[in-house]
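Quick note: numbers below take in every heavy atom, side chains included, and nothing from hydrogens, waters or symmetry partners. Chain letters run A, B, ... following the sequence lines, proteins first and then strands; every chain starts at 1.
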Amino acid sequence: MDFIVEAARKAIQELYGADVPADVISLQETRKEFEGQVTIVVFPIVRYSKKNPAETAEDIGAYLQANVPEITAYNVVKGFLNLVLSTEYFLNIFHAHTLAASFGEIAPNGKRVMVEYSSPNTNKPLHLGHVRNNLLGYSVAELLKASGYDVIKVNLVNDRGIHICKSMLAWQKWGNGETPENSGLKGDHLVGKYYVIFDAEYKKEIKTLTEAGQSEEQAKKAAPLIVEAQQMLQKWEAGDQEVISLWEKMNGWVYDGFGITYANLGVDFDRFYYESNTYLLGKDNIQEGLDKGVFFKKEDGSVWIDLTADGLDEKLVLRADGTSVYITQDIGTAQLKQDDYQMDESIYVVGNEQDYHFKVLFLILDKLGKPWAKGLYHLSYGMVDLPSGKMKSREGTVVDADDLIAEMIETARQKTEELGKTNDFPEADKNELYRNIGLGALKYFLLKVEPKKRLLFDPNESIDFQGHTGPFIQYTHARIRSLLAKAEYQPGAELAGIELSETELDMLMLLSKYPQQIVDAAAAHSPAVMANYLFELAKAFNKFYHEIPPIVKTEAGPQKQFRLNICRVTGDVLKKGMSLLGIVVPERM
RNA sequence: GCCUCGGUAGCUCAGUUGGAUAGAGCAACGGUUUUCUAAACCGUGGGUCAGGGGUUCGAAUCCCUUCCGGGGUACCA
């Protein structure tokens, strides 16, 4: 639409003798209730024309109609100049761009970006909050890839620490040699079970101690179980063979379990980092910061950074005993990742509870003089809440990822069979279809919401399959594929003699927006942008589908071919767009 | 207390660099199938954009302020 901006500037130049910057010409889509497709808001121009808005709009409208062939008519409503573009203009774009095989492909931009997501703890299975993280991370990575980046997906696994030792200790004490094999339990669930047992036993001990007269705080520190877990952690850090091999065994179970969940969610990674390898990193950077005068040492030997000038607080970066805190490792790990991949940008997909942490981390790296610090971005997303509030694993109010996936697939099976649409499908196809629909509903439900907003999930209300949902878009795609097959669609197009209905024009305009939607969604780190666009497109298509006479029975000719082309491109865009959300669209459903 | 993110229809959510009478879906009610898949389409009702003030020709959008909710503010991660 740049040509309209340029033409309008020229109009102002010739009519009023003013050379205005491009941003004075504010274009927007014409609202449905008025005639035209593009609207110029004339208010900002009035100061140059020295006339009232209506007269200014009239002047410019007349000029544009006379001098720009694509503009065939105009009308003025208040301060808005609505422009009517020619049918040929839209058809030309459709033929030259939208119909091309390369439509929606964006050239590489030569930049590399890392997306770190998932980053689970290895002491319990994944829940709905992790699902949101995984889907967001995966989708943002796909969107960046599609918009021209070289993308590296990374998973930084939190595989060590006191929480891991808790599961290990409980298993050692009460496990009786239980394994995934002999219990039939998925590995991550088995380990999670012992984490819960630890917590229950620990609480009992605290209760006993407080009843014996100790304060809550004392009891929490003195309980034999926690003491033992801490000893185990020390042994782990010392490389104790027995502890290490138990740790390896149990983490192995968890990885097997996570692998299944990841495969079910359809997410993947190019590189795994493990905190057991990175937790000692960062101390060099602390020294570097001391040398540069960015950090300072207190009398007790602890190292701090003063961020009060930036509106934050003083922040500890190394304990008095010389051991690391969370941010110490993160400084070191950021350096490691940068050394490994030399990326231009690095995105951390982490919940908004860590907003402050990342603000501090990025600020520190910047103060350390890391040139790549500007490219760091915290993709902060809101928590998934239940109607009762936050999910709490200790209170058993978590929505388990594996359970939820299974339920969604089961619901998809029931709904599909009620509709009786798959009676003639082979069994294997049915199962694949139910998976795709169930996961499509789940993924779309989670991704259509703007990441930074918190998300409400009611386990008692099943996720919809109708309306603004994944299955709606999947259905639209399946219907298109079926239609193209019945019509024996062949590529090819003619420009001449085509008439455009209002809905067809809507389709052309919507379709042409697709490449820009990829870029916008990637730049905003927001799969929701893409999700909402695809819904709008599918909705418009269904309207189009209902309005036109049955294509299959229409006689051959340019108009029929034109409509089939709309179908084909819409199907392609829905398929490609949904794949950027990690959603598979079926050929039939 | 301080910092930060939210608050839009009964519910779940869109709303672009500030633009026209704030839009969808669900739920409710009514209609559409001898026509390519009715997981669809068409229609009806439903709003103090949390409240107040300000900037502007124009504010859901920007600024100030109050209220409500989430998160953070650890020598936890």
Quiz item: Which pairs with one or both residues in residues 543-555 of chain A pass salt bridge (Lys or Arg N to Asp or Glu O under 4.0 Å), sequence neighbours excluded?
Solution: A:Lys543-A:Glu547
Quiz item: So do A:Arg319 and A:Val325 actually touch side chain to side chain, heavy atoms under 4.5 Å?
Solution: yes
Quiz item: How far does the P atom of B:rA60 sit from the matching atom of B:rA20, given to the nearest Å?
Solution: 9 Å
Quiz item: How close or far is atom P of B:rC42 from atom CD of A:Glu502, stated in whole angstroms?
Solution: 13 Å
Quiz prompt | salt bridge (Lys or Arg N to Asp or Glu O under 4.0 Å) against A:Asp306, all qualifying residues, sequence neighbours excluded | solution = none
Quiz item: Could one point to a donor on the side chain of A:Thr476 or the base of B:rA39 with an acceptor on the other under 3.5 Å away?
Solution: no
Exercise. Treat primed atoms plus P, OP1 and OP2 as sugar-phosphate and everything else as base, then score nucleotides 72-77 of chain B 5' to 3': B for base contact with protein heavy atoms under 4.0 Å, S for sugar-phosphate contact only, - for none.
Key: SS-BSB
Quiz item: Does A:Tyr279 have A:Arg160 sitting over its ring (NZ/CZ under 6.0 Å from centre, angle to axis within 45°)?
Solution: yes
Practice problem: Classify the side-chain pair A:Thr411/A:Ser462 by whether it contains a donor and acceptor separated by less than 3.5 Å. | Solution: no
Exercise. For B:rA50 versus B:rU61, give the span between their C1' atoms, rounded off to a whole number of Å.
Key: 16 Å
Quiz item: Just how far, in rounded Å, is C1' of B:rU37 from CZ of A:Phe472?
Solution: 13 Å
Quiz prompt | Interface with RNA chain B, restricted to residues 74-81 of chain A and to heavy atoms under 4.0 Å | solution = A:Val77, A:Lys78, A:Phe80
Practice problem: Round to a whole Å and report the spacing from CD of A:Gln559 to C1' of B:rC36. | Solution: 17 Å
Quiz item: Considering only the P atoms, how many Å lie between B:rC63 and B:rU16, rounded to the nearest integer?
Solution: 15 Å
Self-check item: Residue pair A:Asp572 / A:Lys575, side-chain heavy-atom distance below 4.5 Å
Solution: no
Self-check item: Where A:Pro125 and A:Asp188 come nearest, the two heavy atoms and their spacing
Solution: CD-O, 3.5 Å
Exercise. Would you indicate what A:Asn123 reaches in the nucleic acid, counting non-hydrogen atoms under 4.0 angstrom: base, sugar-phosphate, or nothing?
Key: nothing
Quiz item: Taking the P atom of each, how far is B:rG18 from B:rC57, in whole Å?
Solution: 15 Å
Quiz item: Is there a donor on the side chain of A:Asn542 or the base of B:rA39 sitting less than 3.5 Å from an acceptor on the other?
Solution: no
Quiz item: Paired with B:rU55 by Watson-Crick or G-U wobble geometry, both distances under 3.5 Å: which nucleotide is it?
Solution: none
Quiz item: Would you say the side chain of A:Lys421 and the base of B:rU37 hold a donor-acceptor pair, judged only by whether the two atoms sit under 3.5 Å apart?
Solution: yes
Self-check item: B:rA39 phosphate, OP1 or OP2, under 4.0 Å from A:Arg479 side-chain N/O
Solution: no
Exercise. Scan residues 461-490 of chain A for pairs that pass salt bridge (Lys or Arg N to Asp or Glu O under 4.0 Å), counting only residues two or more places apart or in two chains.
Key: A:Arg481-A:Glu587
Exercise. Sequence neighbours left out, what pairs pass ring-ring contact (aromatic ring centres under 6.0 Å, His included) with at least one residue falling in residues 311-331 of chain A?
Key: A:Tyr326-A:His357
Quiz item: In whole angstroms, how far is the C1' atom of B:rU37 from the CD1 atom of A:Ile473?
Solution: 17 Å
Quiz prompt | Identified side chain to side chain contact (heavy atoms under 4.5 Å, CB included) partner of A:Ile45 from the options A:Thr56, A:Asp59, A:Leu81, A:Val20 | solution = A:Thr56
Quiz item: Looking only at atom C1', what distance separates B:rC36 and B:rA27, rounded to whole Å?
Solution: 31 Å
Quiz item: Which is true for A:Met589 with a 4.0 Å heavy-atom rule: it touches a base, it touches only sugar-phosphate, or it touches nothing?
Solution: base
Exercise. State, yes or no, whether a side-chain contact exists between A:Gln490 and A:Gln561 at a heavy-atom distance under 4.5 Å.
Key: no
Quiz item: Which is true for A:Thr39 with a 4.0 Å heavy-atom rule: it touches a base, it touches only sugar-phosphate, or it touches nothing?
Solution: base
Using atom names, set out every protein N or O paired with an N or O of nucleotides 57-62 of chain B below 3.5 Å, distance rounded to 0.1 Å.
none

Quiz prompt | B:rC64 and B:rA59, which share atom name C1', separated by this distance in whole Å | solution = 15 Å
Quiz prompt | Sugar-phosphate, base or nothing in reach of A:Ala487, heavy atoms under 4.0 Å | solution = nothing
Quiz item: Checking A:Lys315 against A:Trp304: charged group under 6.0 Å from the ring centre and within 45 degrees of the axis?
Solution: no
Quiz item: Considering Watson-Crick and G-U wobble pairs with both distances under 3.5 Å, what does B:rU17 pair with?
Solution: none
Quiz prompt | Counterpart base for B:rG69, defined by Watson-Crick or G-U wobble contacts under 3.5 Å | solution = B:rC5
Self-check item: Gap in Å between the two P atoms, one belonging to B:rU17 and one to B:rA74, rounded
Solution: 35 Å
Quiz item: A:Glu536 near the nucleic acid: base, sugar-phosphate alone, or nothing, with a heavy-atom cut-off under 4.0 Å?
Solution: nothing
Quiz item: Taking the same atom, C1', in B:rG53 and in B:rA9, what whole-Å distance lies between them?
Solution: 26 Å
Quiz item: With the threshold set at 4.0 Å, does a side-chain nitrogen-carboxylate oxygen contact exist between A:Glu58 and A:Lys51?
Solution: no
Exercise. Report the residues that fulfil salt bridge (Lys or Arg N to Asp or Glu O under 4.0 Å) with A:Glu353, sequence neighbours left out, ordered by chain and then residue number.
Key: none
Exercise. Please state whether the rings of A:Phe362 and A:Tyr348 are parallel, tilted or perpendicular, taking 30° and 60° as the class boundaries.
Key: tilted
Quiz prompt | Pair A:Lys430 + A:Glu417: basic N to acidic O under 4.0 Å | solution = no
Quiz item: Which salt bridge (Lys or Arg N to Asp or Glu O under 4.0 Å) pairs, counting each pair once, include a residue from residues 25-38 of chain A, with sequence neighbours left out?
Solution: A:Glu29-A:Lys513, A:Arg31-A:Glu33, A:Lys32-A:Asp506
Exercise. Select base, sugar-phosphate, or nothing to describe what A:Thr416 touches, counting heavy atoms under 4.0 Å on all strands.
Key: base
Practice problem: Return the minimal non-hydrogen interatomic distance between A:His477 and A:Gly571, and the atom names on each side. | Solution: CD2-O, 3.3 Å
Quiz item: Once you round it to whole Å, what is the distance between C1' of B:rU37 and CG of A:Leu484?
Solution: 14 Å
Quiz item: Do the side-chain N or O atoms of A:Lys359 get closer than 4.0 angstrom to the phosphate oxygens (OP1, OP2) of B:rC3?
Solution: no
Pairs under 3.5 Å (N/O, protein and nucleotides 9-13 of chain B):
{"unit_1": "B:rC13", "atom_1": "OP1", "unit_2": "A:Leu456", "atom_2": "N", "d": "3.3"}

Exercise. Sequence neighbours left out, what passes salt bridge (Lys or Arg N to Asp or Glu O under 4.0 Å) with A:Asp385? Give chain and number order.
Key: A:Arg454
Quiz prompt | Under 3.5 Å on both distances, the Watson-Crick or G-U partner of B:rU37 | solution = none
Atom pairs, N/O to N/O, protein against nucleotides 30-33 of chain B, distance under 3.5 Å?
none

